Amino acid sequence: MGDALIDAARAVQLKAYAPYSRFYVGAAIEVEDGRIFTGCNVENASYGLTSCAERVAVGNAVAAGARKFRRVVVATDAHPPSPPCGACRQLLSEFGNDLIVESVSPKESRSWRLSELLPLSFGPEDLGR
Ligand code: THU
């Protein structure tokens, strides 16, 4: 059976701009109402300005008014499939701590709950919000 979220992550991975690391990443987020938002990593000659794929996808979702994330798929060519970086775990946690995080590479996949990847995260409630 096809999985539209995995297909979207793999499709946007092809758009990754990663001439420095050559580590091409695509991310696709499914939100509460079923819409899908995507992002790829965007590197820069000034290396520290690089944006992760997940960060771009979060921005695209929020800019469209979507704030309740259900599931995110990260597509790479890594073996084994790589989990999101720490900074992206924190960014994702703002919009869904019960989020399912799935990582896919061409032949394998792994998945976690975001709360496993980022236990005791700092969130809006810590600010009293
Ligand atoms: N990268 C992501 O896009 N997401 C992650 O979760 C890990 C790392 C990107 C950043 C950089 O362009 C390349 O992968 C190598 O670190």
Side-chain angles (χ1 to χ4, degrees):
M1 204 184 80
D3 184 320
L5 199 62
I6 293 177
D7 292 347
R10 290 197 162 126
V12 73
Q13 184 192 4
L14 301 175
K15 302 285 200 314
Y17 178 71
Y20 307 107
S21 71
R22 298 198 175 96
F23 190 75
Y24 304 101
V25 188
I29 299 170
E30 182 189 85
V31 304
E32 206 178 32
D33 62 11
R35 282 181 295 165
I36 290 175
F37 298 94
T38 61
C40 59
N41 53 335
V42 182
E43 297 187 345
N44 192 273
S46 178
Y47 296 168
L49 297 180
T50 290
S51 294
C52 286
E54 298 89 327
R55 185 174 196 160
V56 174
V58 168
N60 281 333
V62 173
R67 296 179 179 176
K68 287 202 172 127
F69 300 176
R70 268 200 315 224
R71 200 175 143 224
V72 56
V73 173
V74 180
T76 67
D77 295 324
H79 169 75
S82 53
C85 81
C88 289
R89 296 176 196 192
Q90 175 66 29
L91 279 173
L92 289 164
S93 75
E94 183 83 15
F95 303 106
N97 202 44
D98 224 17
L99 192 66
I100 305 289
V101 178
E102 199 169 327
S103 180
V104 301
S105 51
K107 292 183 181 161
E108 304 154 88
S109 72
R110 295 202 283 171
S111 73
W112 308 267
R113 283 198 177 272
L114 183 59
S115 54
E116 289 178 67
L117 296 177
L118 190 68
L120 294 175
S121 64
F122 182 83
E125 59 289 348
D126 295 298
L127 294 170
R129 307 290 151 90

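Keep in mind it's a predicted model, so treat the numbers as computed, not measured. Each ligand, and each atom within it, is numbered from 1 in the order the structure gives.
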[X] neighbourhood, listing ligand 1 atoms whose heavy-atom distance to it stays under 4.0 Å:
| X | value |
| --- | --- |
| Pro84 | 6 (O) |
| Glu43 | 11 (C), 12 (O), 13 (C) |
| Ser21 | 13 (C), 15 (C) |
| Thr50 | 10 (C), 11 (C), 12 (O) |
| Ala53 | 2 (C), 3 (O) |

Pairwise distance OG1(Thr76) to CZ(Phe23) - rounded to 0.5 angstrom: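 It is 4.5 Å, given to the nearest 0.5 Å.
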Ile36 side, atom CD1; Asn60 side, atom CG - distance, nearest 0.5 Å: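 Atom-to-atom, Ile36:CD1 and Asn60:CG are 13.0 Å apart.
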Heavy atom of the protein closest to atom 16 (O) of ligand 1 (residue, atom name, distance):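 Protein heavy atom with the smallest distance to atom 16 (O) of ligand 1: Phe23 CD2, 4.7 Å.
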Nearest protein heavy atom under 4.0 Å from atom 14 (O) of ligand 1, yes or no: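 Protein heavy atom within 4.0 Å of atom 14 (O) of ligand 1: present.
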Min N/O separation Cys52 to ligand 1 under 3.5 Å: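 Cys52 vs ligand 1: no N/O contact under 3.5 Å.
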Geometric N/O contact Asn41 with ligand 1, under 3.5 angstrom: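 Yes, at least one N or O pair falls under 3.5 Å.
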Over 12 foreign heavy atoms within 6.0 Å of CZ, Arg67: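 Check fails, neighbour count at 12 or below.
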Cys88 near ligand 1 by a heavy-atom separation under 4.0 Å: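 No heavy atom of Cys88 comes that close to ligand 1.
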Phe95 side chain near Val31 side chain, heavy-atom distance below 4.5 Å: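 Of all side-chain heavy-atom pairs linking Val31 with Phe95, none is under 4.5 Å.
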Test item: Ser93 and Phe122 side chains (from C-beta on) under 4.5 Å apart, heavy atoms: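 The answer is no, as the side chains (C-beta and beyond) never meet within the 4.5 Å cut-off.
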Test applied, side chain to side chain contact (heavy atoms under 4.5 Å, CB included); reference residue, Val25; option that passes from Val42, Asn41, Val56: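 The option that passes is Asn41.
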Sidechain-backbone polar pair: Arg89 side chain, Pro84 backbone, donor-acceptor under 3.5 Å: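 Yes, because the side chain of Arg89 sits within donor-acceptor range (under 3.5 Å) of the backbone of Pro84.
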Steps toward side chain to side chain contact (heavy atoms under 4.5 Å, CB included) verdict (Asp3, Arg71): CA-CA 12 Å; Asp3 184 320; Arg71 200 175 143 224; 2.7 Å; yes
Option nearest atom 6 (O) of ligand 1 (shortest heavy-atom distance, choices Arg55, Arg89, Glu54):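 That would be Glu54.
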